[in-house]
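Convention: sequence-line order gives letters A, B, ...; per-chain numbering from 1. The basis for the numbers below is simple: all heavy atoms, side chains too, and nothing from hydrogens, waters or symmetry mates.
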There are 2 protein chains.
Amino acid sequence: MADLVYRRVLHDLKSRIHDNQFPDKRLPDERSLSEAYNVSRSSIKRALSVLANQGIIFKKRGSGTFINPLYMKNQTIFHYEGSNLGITDSFKSDGKTQGIKLLDFKVVPANEEMQQDLFLEKGEFVYEIQRLRLFDDQPFMIERGFIPIRIVPELSQKVVSGSIFNYLEDEQNKVVTKSFMTVKAAPSNAEDQELLGLKPTEPVAIMEGIFFLDDGTPFEVSNMRLRYDYFNYNTFVTLDEE
Amino acid sequence: MADLVYRRVLHDLKSRIHDNQFPDKRLPDERSLSEAYNVSRSSIKRALSVLANQGIIFKKRGSGTFINPLYMKNQTIFHYEGSNLGITDSFKSDGKTQGIKLLDFKVVPANEEMQQDLFLEKGEFVYEIQRLRLFDDQPFMIERGFIPIRIVPELSQKVVSGSIFNYLEDEQNKVVTKSFMTVKAAPSNAEDQELLGLKPTEPVAIMEGIFFLDDGTPFEVSNMRLRYDYFNYNTFVTLDEE
DNA sequence: TTCGTAAATTGATACGGTCCAATTAATGAA
DNA sequence: TTCATTAATTGGACCGTATCAATTTACGAA
């Protein structure tokens, strides 16, 4: 994992920043870093650009590279969400229990849209998994997921009643590292109201999208409808692309 | 702006993707692109990596580069993509007009929370700006923003009736490049229903957060309430870096 | 000293090369 | 045909170089 050059530099710089080893809030220039770490300047640039994307440093051409004072000063503002992809890990369970109730689990032929999204051949099959997520016995989310059987031919009802991502990582050595999601809001329908215990005036938040394995394989198409009061999405957006 | 090689490639590829010039959802390999555009492979890689970061494409080593099938599926107008921070630039305005109706514009003392968020001293003042955003004469968003007068002492009613970010960039040479936002959903209140023309069962999407200048200065605290059917937030999350 | 100009510093862009790793396509033996 | 092996394809990581652009520092004349 960390056997990449730029990652080694990245992690080292990060920990040095946290250790306050740059009290003047300024990093050495790229050419010096290149020499000091004995790596090419390109690799230094790559490491620095990741730090910049995370809002930890910012660079000023002609001037130098500086540590974002806000990063150290006010951690709460800069805390990242979007660092957990799976649902199971995305909730701070302060002693509370989270549960999964399996609503439906079957195998169906992939329709055309699914074939496109999941890169399937005509006639391939997918699992259709419908689950109700509970947090401290309160249902808060209806989840409808589609997974190609080709990728995990051995999915069982038992597995599907727990965290699929954890199963994948622990048992199959497959890791989900990317997702492309769309977030929106909508009025709740009858099913939402019944399963999630909502009044007609209360909406749901909808997250839908695709999860990818770390090699880029599209793994799951998912549609989630959440109680609006349980949903909250945080992002840190930067325009310094790359 | 677009006189950069990788940006030229980036924009060209993006528009070709939008034009559906890759019906097999697959891009040419990097080496071919390098030849075709007559630029180095590094520049191709850079352009592609931006597209990948925006979730528009994804790459599979040994296999090729593919277009994210979800990317073009969502046709809501307010398409917050993480590539534009300001609202004004976030529309696809296909000849449609977008408008701003100024609801309120005043100077108030910053409350405690505001002081924290914007790093103000006790007793400092902020502009409070309430605006109604229209798209083709249809109101779709109520925007309530707070900006420290210290940063832009000369804000006028005229400026505030247009794009503040554009004004900053054009006249003040200040650029907003980062934001930390929270997205959620909520039932519409009476004001929402009146201003946005919603039924009581129809919700709003709420985006609130802080915008930062490129030197890290917190610039604006904003709260936006949007018609749910005009809102759509796309995010592409990766776990790689850290 | 003061102030404008030149030089040095420092990050940004771009090139093109080497080698590696994952995947796919081609090949050939059974 | 089938299937394992080999070759070709394709993206990933890194290197080192050249040149440019913004900023800061040093310098020298008034």
Side-chain angles (χ1 to χ4, degrees), chain A residues 1-11 13 22 24-53 57-68 119 121 150-151 173-175 177-178 212-218 238-242, chain B residues 1-11 13 22 24-53 57-68 173-175 177 214-215 238 240-241:
Chain A
M1 170 65 91
D3 57 343
L4 298 185
V5 172
Y6 83 95
R7 282 194 171 280
R8 209 187 71 226
V9 175
L10 172 60
H11 290 135
L13 282 176
F22 306 104
D24 53 351
K25 300 293 178 198
R26 184 197 177 124
L27 263 54
D29 70 280
E30 297 182 348
R31 289 161 180 90
S32 310
L33 286 172
S34 170
E35 266 195 68
Y37 282 101
N38 203 26
V39 302
S40 77
R41 196 176 153 208
S42 326
S43 299
I44 296 293
K45 285 189 98 64
R46 186 162 182 187
L48 291 181
S49 88
V50 173
L51 288 174
N53 274 340
I57 61 172
F58 60 92
K59 307 183 255 186
K60 293 209 140 179
R61 184 194 320 204
S63 178
T65 302
F66 305 89
I67 298 172
N68 186 340
F119 275 57
E121 303 297 324
R150 177 157 49 82
I151 298 185
N173 206 32
K174 291 183 168 122
V175 194
T177 50
K178 295 172 203 151
F212 299 88
L213 299 179
D214 57 353
D215 64 357
T217 312
T238 319
L239 293 195
D240 313 323
E241 13 238 274
E242 160 74 5
Chain B
M1 170 66 89
D3 56 345
L4 299 185
V5 172
Y6 83 95
R7 288 203 162 272
R8 208 188 71 225
V9 175
L10 171 62
H11 290 136
L13 282 177
F22 306 105
D24 53 352
K25 299 291 178 196
R26 183 195 180 127
L27 263 54
D29 69 281
E30 296 182 349
R31 288 161 180 91
S32 308
L33 285 172
S34 170
E35 267 196 67
Y37 281 100
N38 203 26
V39 302
S40 75
R41 192 176 157 212
S42 326
S43 298
I44 296 294
K45 283 188 101 61
R46 185 161 186 186
L48 291 181
S49 91
V50 173
L51 289 175
N53 275 338
I57 61 171
F58 61 92
K59 309 183 254 186
K60 293 190 70 167
R61 187 201 308 207
S63 179
T65 302
F66 305 88
I67 297 173
N68 183 341
N173 208 32
K174 291 183 168 118
V175 194
T177 50
D214 57 354
D215 63 356
T238 318
D240 290 341
E241 6 243 273

> Taking side chain as C-beta onward, heavy atoms only, is A:I44 less than 4.5 Å from A:V39?
Replying inline: yes
> Taking the side chain of B:S42 as heavy atoms from C-beta outward, which of C:dA12, C:dG16, D:dG12 is closest to it?
Replying inline: C:dG16
>> In this structure, how many angstroms lie between the C1' atom of D:dC14 and the NZ atom of B:K45, rounded?
In response: 11 Å
>> Any residue in residues 31-39 of chain A with a heavy atom nearer than 4.0 angstrom to DNA chain D? Just list them by number, or reply none.
In response: A:V39
>> Do A:K59 and A:L48 have side chains that approach each other closer than 4.5 Å (heavy atoms only, starting at C-beta)?
In response: yes
>> Need to verify one output field. Residue with the more 5' nearest nucleotide on DNA chain D, B:S63 or A:I44?
In response: B:S63
> B:R61 has an atom CZ; how far is it from atom C1' of D:dA8, in whole Å?
Replying inline: 16 Å
>> Could you tell me how far apart B:I57 (CD1) and D:dT10 (C1') are, to the nearest whole angstrom?
In response: 14 Å
> What is the distance from CD of A:E30 to P of D:dT17, rounded to the nearest Å?
Replying inline: 16 Å
>> Working note: A:F66 + A:R26, criterion side chain to side chain contact (heavy atoms under 4.5 Å, CB included); need CA distance, chi angles, decisive distance, verdict.
In response: CA-CA 4 Å; A:F66 305 89; A:R26 184 197 177 124; 3.8 Å; yes
> B:K59 has an atom NZ; how far is it from atom P of C:dA22, in whole Å?
Replying inline: 16 Å
>> Counting only side-chain heavy atoms from C-beta out, which of C:dC20, C:dG11, D:dC15 sits nearest to A:S40?
In response: D:dC15
> Quick one: which of D:dA21, D:dA13, C:dT10 gets closest to the side chain of A:R46?
Replying inline: D:dA13
> Rounded to whole angstrom units, what separation is found between the CG atom of B:D3 and the P atom of C:dT13?
Replying inline: 10 Å
>> Given D:dC15, D:dG12, C:dT13, identify the nucleotide with an atom nearest to the side chain of B:L4.
In response: C:dT13
>> Rounding to an integer number of Å, can you tell me how far B:D29 CG sits from D:dG11 C1'?
In response: 9 Å
> The side chain of B:R41 lies closest to which of these nucleotides: D:dC15, C:dC15, D:dG12?
Replying inline: D:dG12
> If only side-chain N and O atoms of B:K60 are considered, is one of them under 4.0 Å from the OP1 or OP2 phosphate oxygen of C:dA22?
Replying inline: no
> Does B:R31 have any side-chain hydrogen bond (donor to acceptor under 3.5 Å, both in side chains) partners at least two apart in sequence or in another chain, and if so, which?
Replying inline: none
> Hey, does the side chain of A:S43 come within less than 4.0 Å of D:dA13's phosphate (OP1/OP2), counting only N and O?
Replying inline: no
> Does a side-chain N or O from A:T65 land closer than 4.0 Å to OP1 or OP2 of C:dG11, or not?
Replying inline: yes
> Taking atom P of C:dT13 as reference, at what distance in whole Å does atom CZ of B:R8 sit?
Replying inline: 15 Å
>> For B:L51 and B:L13: C-alpha separation, side-chain torsions, deciding distance, then whether side chain to side chain contact (heavy atoms under 4.5 Å, CB included) applies.
In response: CA-CA 9 Å; B:L51 289 175; B:L13 282 177; 4.0 Å; yes
>> Can you confirm whether B:N68 sits close enough to B:I57 that some side-chain heavy atom of one is under 4.5 Å from a side-chain heavy atom of the other?
In response: no
>> I need the B:E35 CD to B:S40 OG distance, nearest 0.5 Å.
In response: 13.0 Å
